[in-house]
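Worksheet for the structure shown next.
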Amino acid sequence: MKTIDIDLPANGYPVYLGRGLLSEGGCWRRHLGAGDVLIVSNETVAPLYLETLLEALADRSPEVHVLPDGEQYKTVETWQGIIDRLVGMQARRDANLVALGGGVVGDITGFAAASYMRGIRFLQSPTTLLAQVDASVGGKTGVNHERGKNLIGAFHQPATVVIDSATLDTLPAREFNAGLAEVVKYGAICDAPFFDWLEENAGAIVDRDESAIDTLVERSVRNKAEIVRQDEKEAGIRALLNLGHSFGHALESETAYRRFLHGEAVAIGMVTAARLSERRGLCPAGTSTRLVRLLSRFELPVAIPADLDVDALASALSLDKKAVASGLRLVLLHAIGDAAVDSDSHADEIRAALEENRS
C-alpha cells in the first residue's frame, strides 16, 4: 500500500493506493466518524464490490443506498434521494457517507455530504479509472443541470480516498479507455516526461499490465495532489485541470449526457483546445497531432461527430461554469507539458477550431 497526502491547510487527507484495499477495514476505521454509515453505490458496481465493503465495515452496520448507473442520473432528483435516505435514518451531523463507484457516484455523494446538515463526513472508494485518477481527489462535488454539467455543487473534501486498483479488473474497455483521457491530460498540462512515458508504454497500458496501471494511477494522483495543494478552490492554477473540459462539457450537455462518456468528451475537447492553441500560434504545429496519436492508441474519439451542430456547441460554451465576466476561460497549450488559462480567444477563433475538429 502507498499513501499520497493531499496537503491542504484545513482539510488535508490521505489517498491510499494498492490492490485489495477495499477489504482492509483499517483504512476505513481510522477515518470514519462516530455516527451512522451510509454506503452509496450504483446498480453496476454494487453487485461486484458492495459485499466486500460491507464485510470490511461489518462492525459499523452500514446502510446502503443504490443509484441507477449513468451520467444522465447525476441530477438534483438523485441527490434528493440520498438526502431523503439520511433523513429517514435520522442521521446526525456525525454521520458518514461512503461513495463506492465511479465519478458520478462520488460527485453526488460528496454533494449530499456537503449539503446535509451543512456538511458531514464522506469517504471515497473510486472503482473506475477516471474516478481514481481524477474525480475522487480534490473535493469537487455536484450534479448536472440540463443546460450544463456540474452547474450545481460545492467544494467538500473527503476524509480519505481508498483506491483499490483491483476494481479495474472488471472495468469494461470503454470505461477504462475513458479514464485514460484524464491520465493523458496530466501529461499535457504539466508533466511532459509523463506524456513521454505514456507514449512509450501505451501497449502495456492497453493490455492492462498491473505495473503500468499502478504507475499511471500513482503518477496521476501525485500530479493532481500537487495542483490541489496549491489551489484548493480553483482560484488559479487548478483551472489547468480543465484542459478539454469546456469543449467536452458542451458535447455532453448537447447530447443529453447519453452519447459520450465523460472521458470521451474530454478527449475530443483536448484535441479541439490543441487545435485552437495552434491556430492562435500559442504552441508548436503538430501538438494536436501528437495528442491525437496517443488518444487514438487508447481507442478514444478525437473529433466532433459531423452530425453535431457547431453553433449549438458554441452556444453551450457560453454557459460553461468556467466563464467569467471577461469572457470564456479556456485552458490552452503552449507545448506538451505546458498549459495556461486563457481568456483571449475570439468567438470566430473558437468556432473555427470546432469546425476544424469535426469528423
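These values consider heavy atoms only, across backbone and side chains, with no hydrogens, waters or symmetry-generated copies.
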Discussion item. Using side-chain heavy atoms (C-beta onward) and a distance below 4.5 Å, is Arg238 in contact with Lys140?
Written reply: yes

Item to complete: Using the side chain to side chain contact (heavy atoms under 4.5 Å, CB included) rule, take Tyr16 and His31 through it: C-alpha gap first, then chi angles, then the decisive distance, then the call.
Response: CA-CA 12 Å; Tyr16 301 113; His31 299 289; 2.8 Å; yes

Discussion item. What's the separation between atom CG in Asp191 and atom CG in Asn223, rounded to the nearest 0.5 Å?
Written reply: 4.5 Å

Response to the item:
Smallest heavy-atom separation, Asn42 atom then Pro68 atom, equals CB-O, 4.0 Å

Practice prompt. Among residues two or more places apart or on two chains, list those pairs meeting side chain to side chain donor-acceptor pair (under 3.5 Å) that have a residue in residues 271-285.
Written response: Thr272-Asn357, Arg275-Asn357, Glu278-Ser288, Arg279-Glu356, Arg280-Asp342, Arg280-Ser345

Fill in: Stepwise side chain to side chain contact (heavy atoms under 4.5 Å, CB included) check, Ile82 with Leu97
CA-CA 10 Å; Ile82 301 173; Leu97 279 173; 4.2 Å; yes

Discussion item. Quick one, Leu291 and Phe195 - any side-chain contact, counting heavy atoms below 4.5 Å?
Written reply: yes

Item to complete: Mind listing the closest non-hydrogen atom pair of Leu295 and Val302 along with its distance?
Response: CB-CG1, 3.8 Å

Discussion item. Other residues, nucleotides and ligands only: do more than 12 of their heavy atoms fall within 6.0 Å of CZ on Arg290?
Written reply: yes

Item to complete: Spell out, as yes or no, whether a donor-acceptor pair under 3.5 Å connects the side chain of Trp28 to the backbone of Ser23.
Response: no

Worksheet item: Is there side-chain contact between Glu218 and Asp214, with heavy atoms separated by less than 4.5 Å?
Response: no

Worksheet item: Short question: side chain of Lys185, backbone of Leu241 - any donor-acceptor pair under 3.5 Å?
Response: yes

Discussion item. Counting C-beta onward and ignoring hydrogens, is there a side-chain heavy-atom pair between Ile304 and Phe247 closer than 4.5 Å?
Written reply: no

Item to complete: For the pair Ile227 and Cys190, evaluate side chain to side chain contact (heavy atoms under 4.5 Å, CB included) and give the outcome as yes or no after the intermediate values.
Response: CA-CA 10 Å; Ile227 289 173; Cys190 65; 4.2 Å; yes

Practice prompt. Report the C-alpha distance between Arg293 and Glu199 in whole Å, list the side-chain angles of each, state the deciding distance to 0.1 Å, and finish with yes or no for salt bridge (Lys or Arg N to Asp or Glu O under 4.0 Å).
Written response: CA-CA 9 Å; Arg293 187 181 303 118; Glu199 291 176 319; 5.1 Å; no

Discussion item. Working note: Asn242 + Val341, criterion side chain to side chain contact (heavy atoms under 4.5 Å, CB included); need CA distance, chi angles, decisive distance, verdict.
Written reply: CA-CA 9 Å; Asn242 294 320; Val341 179; over 6 Å; no

Item to complete: Using only heavy-atom distances, determine whether the side chains of Asn144 and Glu252 contain a donor-acceptor pair under 3.5 Å.
Response: no

Item to complete: Please say whether more than 12 non-hydrogen atoms of neighbouring residues, nucleotides or ligands are located less than 6.0 Å from CD in Glu299.
Response: no

Discussion item. Taking Ala335's backbone N and O only, do any of them form a donor-acceptor pair with Thr287's side chain (distance below 3.5 Å, no angle check)?
Written reply: no

Worksheet item: Should Met117 and Leu86 count as side-chain neighbours, where that means a heavy-atom distance under 4.5 Å?
Response: no

Fill in: Of all pairs that satisfy side chain to side chain donor-acceptor pair (under 3.5 Å), the ones with a partner from residues 166-177, not counting sequence neighbours
Arg19-Asp169, Tyr49-Thr170, Gln132-Thr167, Arg174-Glu264

Item to complete: Examine distances only and state if a side-chain atom of Ser136 and a backbone atom of Ala131 form a donor-acceptor pair shorter than 3.5 Å.
Response: yes

Discussion item. Test your reading of the model: is there a side-chain donor-acceptor pair from Asp164 to the backbone of Ala166, 3.5 Å cut-off?
Written reply: yes

Worksheet item: Is the backbone of Arg147 close enough, under 3.5 Å, to the side chain of His145 for a donor and an acceptor to pair up by distance?
Response: yes

Item to complete: Measure across Thr78 and Leu67 and return the closest heavy-atom pair with its distance rounded to 0.1 Å.
Response: CG2-CD2, 3.7 Å

Discussion item. Looking at Arg229 and Asp5, is there a salt bridge between them, counting it only when a charged N and a carboxylate O are closer than 4.0 Å?
Written reply: no

Practice prompt. For Arg258, look at atom CZ and say whether over 12 heavy atoms of other residues, nucleotides or ligands are found less than 6.0 Å away.
Written response: no

Worksheet item: Going by atom types alone, do Trp197 and Thr215 pair a side-chain donor with an acceptor below 3.5 Å?
Response: no

Item to complete: For residues Ala316 and Ser253, report the shortest heavy-atom separation together with the two atoms involved.
Response: CB-OG, 4.0 Å

Discussion item. Between Asn96 (side chain only) and Arg121 (backbone N and O only), is there a donor and an acceptor less than 3.5 Å apart?
Written reply: no

Discussion item. Using only atom types and a distance under 3.5 Å, with no angle test, would you say the side chain of Arg60 pairs donor to acceptor with the backbone of Gly35?
Written reply: yes

Worksheet item: Under a 4.0 Å N-O cut-off, is there an ion pair linking Asp36 with Arg92?
Response: no

Worksheet entry | Close side-chain approach of Cys27 and Thr160, heavy atoms under 4.5 Å | no

Worksheet item: Once the angle between the rings of His245 and His249 is folded into 0 to 90°, is it parallel (under 30°), tilted (30 to 60°) or perpendicular (over 60°)?
Response: perpendicular

Discussion item. Using 0.5 Å steps for rounding, measure from the OG1 atom of Thr75 to the CD atom of Glu146.
Written reply: 11.0 Å

Worksheet item: Is Arg29 salt-bridged to Asp59, cutoff N-O under 4.0 Å?
Response: yes

Worksheet item: In terms of heavy-atom contacts, does OH of Tyr73 have more than 12 from other residues, nucleotides or ligands at under 6.0 Å?
Response: no

Worksheet item: So which heavy atom on Leu300 is nearest to which on Gly263, and how close?
Response: CD2-O, 4.4 Å

Discussion item. Do Leu129 and Leu180 make a side-chain contact, defined as non-hydrogen atoms from C-beta onward lying under 4.5 Å apart?
Written reply: yes

Discussion item. For the backbone of Asp134 and the side chain of Lys224, can you confirm whether one donor and one acceptor N or O come within less than 3.5 Å of each other?
Written reply: yes

Discussion item. Is there a side-chain contact between Leu57 and Ile39 in this structure, where contact means two heavy atoms from C-beta onward sitting under 4.5 Å apart?
Written reply: yes

Practice prompt. For Leu330 and Ser246, work out which heavy atoms get closest and say how close.
Written response: CD2-CB, 3.7 Å

Worksheet item: Do the charged groups of Glu226 and Arg222 touch, with an N to O distance under 4.0 Å?
Response: no

Item to complete: Output yes when a side-chain donor or acceptor of Arg85 lies under 3.5 Å from a complementary backbone atom of Val64, and no otherwise.
Response: yes

Worksheet item: Do Asp107 and Lys149 sit within salt-bridge range, that is, some charged N less than 4.0 Å from a carboxylate O?
Response: no

